[in-house]
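Proteins get letters first, then strands, A, B, ... in listed order; numbering begins at 1 in each.
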Protein chains: 2
Amino acid sequence: MTSDDFVPAPLRRLWGMSESSRLGRPASLDVKAVVAAAVGIADRDGLDGVTLPKVAKSLGFTSMSLYRHVGSKDELLTLMADAALGPPPDIAAPDWREGLRRWAFAHRAVLQRRPWLTRVPVAGPPSGPHQIAWMEAALAIMSGTLLDWAHKIGAMSLISGYVVQSVRQFSELAEGRAEGQGQADAERDYGRALARLVNPDRFPEAARLFSSTLFEAPPSTTPDAAIADADFSLGLELILDGIAVRIARSNT
Amino acid sequence: MTSDDFVPAPLRRLWGMSESSRLGRPASLDVKAVVAAAVGIADRDGLDGVTLPKVAKSLGFTSMSLYRHVGSKDELLTLMADAALGPPPDIAAPDWREGLRRWAFAHRAVLQRRPWLTRVPVAGPPSGPHQIAWMEAALAIMSGTLLDWAHKIGAMSLISGYVVQSVRQFSELAEGRAEGQGQADAERDYGRALARLVNPDRFPEAARLFSSTLFEAPPSTTPDAAIADADFSLGLELILDGIAVRIARSNT
DNA sequence: CAGCATTAGTATATGCCTGATACTTTATCT
DNA sequence: AGATAAAGTATCAGGCATATACTAATGCTG
């Protein structure tokens, strides 16, 4: 018989329910501080830069002290993910479609500011307060529709997965580019070599694709970000179209 | 002036262009063997089980020998991903919709057999021969449509991303479940606690969701796999609906 | 007011890992 | 018969996560 309001430690830490028992030595450190320090390091050095020694040092403590506030490094990553995600913005939209569109763009904006978020290994269903809040926002947007729960969840996670994937892809490319000046050359070499490897006999469609304007387009005047925006919208609208079909179908 | 048929070493290895120069000591090891051994370990111990010492030992060599055949551990992961993906099956379908559906299920089947594939960190656009072959298959399926390249690529990566995401989510859950008998209890506790944390005032929709039948459904008679299949199809058909709208629009 | 239980943080150590460097071994080519 | 060059090995440095056993600081109890 577990007590009815028992909450596992990781969840307690996720939801900011630190208890600071009156007994014993008082803590000079807390979960919030640890997570904030870790997020700061991730912002500066990327996710691989986050190590327990470095987080501890940035706070003026030893590595082992962190284990008083966090169960493991994996748990720290989960805590970081929810903290860095932050609360969703207020989305007031005339209809579900515009609402989901704004939700997707807001989500994307957060990830673009912290690309390392797209690389945090997901360890289970959303369970942090911010994750739940974003979920709530999406569900609220769809509350006027007649979709059942399974469809709502499906639509939301489809959009969210799409956002993560597209931001990750773009940021990887950008990182590669920033990694030295000669990187641009290397990248061009890489593309050129790949185009040569894609034999038109074995891969007719792919070969046509690789030699299409899409990959030639040399010094396009439009900035990369604009292209990325267009690509992103393209896929997003496709998803929204699919959802629209479902909604129309559920109304009959 | 780089030679016009210069191919970067990682790409050469990906495409099986090992050169075995006639000079010097002949190699008793090659990229293929290394990758195969690594894949075998990943199949048994998961992606975290793959370390250079273990791969080398399973071949009867020392860790450092691997660096003669593979640039880095990250590169090894890339090679593993393409090797383990394997070639796509022949997909003969009457129309693009059935074709893409089969393509998605085939992709999913591969990932289900090797769940660690969904956790290999992606390091750039598809560039291995098998990845290209899968891409070719998808493009061929859509070749009858009037979609432009951007839409085709968008549709394909949307589906592929969805497949990866859904398999990863399911396999995580299954792993957690297999990780000891008490895990099921812990999981139930977790869900229960979470349901209590989701305050209906702050999160009205989410709270209703958490207390809906979707989460109660105790010992459902239908096996997990069947439920997963249904969920998967749900999202997939949604995507296909979206693509259908695009295709219809591009025909006008 | 003394000391005890309790909690926070530290010191130290183990066993891993990736990868650099310098070496030995084994083959071909001249 | 060497010279040459590549394959594989030995050793090592620098990091990392984390277990265990410690010291330090506080409130509670007598």
Side-chain angles (χ1 to χ4, degrees), chain A residues 9-10 12-13 17-38 41-42 44-80 116 119-121 123, chain B residues 9-10 12-13 17-38 41-42 44-80 116 119-121 123:
Chain A
R12 260 199 324 259
R13 289 189 275 259
M17 307 165 72
S18 49
E19 21 208 81
S20 77
S21 64
R22 284 306 178 297
L23 240 56
R25 179 177 173 179
S28 36
L29 206 53
D30 63 345
V31 190
K32 258 188 144 67
V34 172
V35 173
I41 290 177
R44 285 206 334 274
D45 305 344
L47 200 58
D48 288 343
V50 177
T51 71
L52 300 190
K54 272 165 77 177
V55 173
K57 193 169 300 176
S58 89
L59 288 164
F61 291 82
T62 64
S63 338
M64 290 312 292
S65 68
L66 303 186
Y67 283 99
R68 291 281 165 195
H69 305 277
V70 150
S72 66
K73 184 175 180 183
D74 279 349
E75 192 190 304
L76 176 58
L77 292 180
T78 303
L79 298 174
M80 288 170 65
W116 56 267
R119 316 211 66 123
V120 175
Chain B
R12 257 194 333 252
R13 291 188 276 258
M17 307 165 71
S18 50
E19 23 208 80
S20 77
S21 64
R22 286 299 179 304
L23 242 56
R25 180 178 174 177
S28 36
L29 205 53
D30 63 346
V31 190
K32 257 186 144 69
V34 171
V35 172
I41 290 177
R44 286 208 331 278
D45 305 343
L47 200 59
D48 288 344
V50 177
T51 69
L52 301 189
K54 273 164 75 176
V55 173
K57 193 169 301 175
S58 89
L59 288 163
F61 290 82
T62 63
S63 340
M64 289 313 292
S65 68
L66 303 186
Y67 283 102
R68 290 280 167 195
H69 305 277
V70 150
S72 67
K73 184 174 182 185
D74 278 349
E75 193 190 305
L76 176 58
L77 293 180
T78 302
L79 297 175
M80 289 170 66
W116 56 266
R119 316 210 63 122
V120 175

For this session: Assign each of B/R25 and B/S72 to its nearest nucleotide of DNA chain C by heavy atoms, then name whichever residue's nucleotide is nearer the 5' end.
Result: B/S72
Problem set entry | From CD (A/E75) to CG (A/L66), nearest 0.5 Å | 12.0 Å
For this session: Between A/T51 and A/M64, name the one whose nearest nucleotide on DNA chain D is closer to the 5' end.
Result: A/T51
Problem set entry | Nearest-0.5 Å distance, CG of residue A/L29 to CZ of residue A/R68 | 12.0 Å
Exercise. Looking for any heavy atom pair under 4.0 Å, which part of the strands does A/S28 touch: base, sugar-phosphate only, or nothing?
Worked result: sugar-phosphate
Exercise. So which one's nearest nucleotide on DNA chain D is more toward 5', B/L23 or B/L66?
Worked result: B/L23
Exercise. Does A/R13 reach the side chain of A/L79, with side-chain heavy atoms less than 4.5 Å apart?
Worked result: yes
Exercise. B/R22 near the nucleic acid: base, sugar-phosphate alone, or nothing, with a heavy-atom cut-off under 4.0 Å?
Worked result: sugar-phosphate
For this session: Under 4.0 Å from any heavy atom of chain B: name the first and the last nucleotide of DNA chain C that qualifies, 5' to 3'.
Result: C/dC17 to C/dC29
Throw together a table of side-chain donor-acceptor distances under 3.5 angstrom for residues 47-62 of chain A, partners on residues two or more places apart or in other chains.
residue : atom : partner : partner atom : Å
A/T51   : OG1  : A/K54   : N            : 3.2
A/K54   : NZ   : A/G49   : O            : 3.1
A/S58   : OG   : A/V55   : O            : 3.0

Exercise. How about A/V120 and A/M80: do any of their side-chain heavy atoms sit closer than 4.5 Å?
Worked result: no
Seminar exercise, completed: Min and max contacting nt of DNA chain D in 5' to 3' order, chain A heavy atoms within under 4.0 angstrom, are D/dC16 to D/dC28
